[in-house]
Colleague: 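Take a look at this one; I'll ask things after.
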Amino acid sequence: MQLLVNGENVKLNDGASVAALLQQLGYTGETFAVAVNGDFVPRATYDATTLSAGDQLDIVAPVVGG
């Protein structure tokens, strides 16, 4: 399935979870937040939150420096 992640097209297996997407993209640790179609997803539900084709995700991580 195709998803839009931070404005970029990403291909993922049908029925995959937020946790699977994060693993595929190499996100580790706990210093980011995820929203699916504009709704915040609590970290505790990443495994249980199933994604659908066309979903739009925002993954936000803090930037050090400035």
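What you see is a predicted model, and the numbers here were worked out from it, not measured in a lab. Sequential numbering from 1 along the given sequence is applied to the chain's residues.
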Colleague: Please enumerate all residues that pass side-chain contact (heavy atoms from CB on, under 4.5 Å) together with Glu8, with sequence neighbours excluded.
Modeller: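 Scan of Glu8 (side-chain contact (heavy atoms from CB on, under 4.5 Å), adjacent residues dropped) gives none.
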Colleague: Could you go step by step and tell me if Leu22 and Ile59 meet the side-chain contact (heavy atoms from CB on, under 4.5 Å) rule?
Modeller: CA-CA 9 Å; Leu22 293 171; Ile59 303 173; 3.7 Å; yes
Colleague: Please tell me if the side chains of Asn9 and Leu3 come closer than 4.5 Å, counting only heavy atoms from C-beta onward.
Modeller: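 Asn9 vs Leu3: side chains apart.
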Colleague: Count I, L, V, M, F, W, Y as connected when their side-chain heavy atoms are under 4.5 Å apart, and connections chain through other members. Are Val18 and Met1 then in the same cluster?
Modeller: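 Same cluster.
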Colleague: Distance from Asn6 atom CG to Asp58 atom CG, nearest 0.5 Å?
Modeller: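 Here the rounded value is 5.5 Å.
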Colleague: Sequence neighbours left out, what pairs pass side chain to side chain donor-acceptor pair (under 3.5 Å) with at least one residue falling in residues 11-22?
Modeller: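 For residues 11-22, and leaving out neighbouring residues, there are no side chain to side chain donor-acceptor pair (under 3.5 Å) pairs at all.
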Colleague: Which heavy atom of Tyr46 sits nearest to which heavy atom of Val34, and what is that distance?
Modeller: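 Looking at all heavy atoms of both residues, the shortest contact is OH-CG2, 3.5 Å.
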Colleague: For Val10, enumerate each residue passing the side-chain contact (heavy atoms from CB on, under 4.5 Å) test, keeping only those at least two apart in sequence or located in another chain.
Modeller: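 Here the qualifying residues are Val5, Leu21, Gln24, Leu25.
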Colleague: Report the residues that fulfil side-chain hydrogen bond (donor to acceptor under 3.5 Å, both in side chains) with Asn37, sequence neighbours left out, ordered by chain and then residue number.
Modeller: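 Scan of Asn37 (side-chain hydrogen bond (donor to acceptor under 3.5 Å, both in side chains), adjacent residues dropped) gives Asp55.
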Colleague: With Phe32, which residues qualify under ring-ring contact (aromatic ring centres under 6.0 Å, His included), at least two apart?
Modeller: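 Testing Phe32 for ring-ring contact (aromatic ring centres under 6.0 Å, His included), a comparison that skips the adjacent residues, returns Tyr27.
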Colleague: Which value, rounded to the nearest 0.5 Å, describes the distance between Leu51 atom CG and Leu12 atom CG?
Modeller: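 Leu51 CG to Leu12 CG: 6.5 Å, rounded to 0.5 Å.
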Colleague: Could I get the full list of side-chain contact (heavy atoms from CB on, under 4.5 Å) partners for Ala48, not counting sequence neighbours?
Modeller: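 Once residues adjacent in sequence are excluded, Ala48 has no partner under the side-chain contact (heavy atoms from CB on, under 4.5 Å) criterion.
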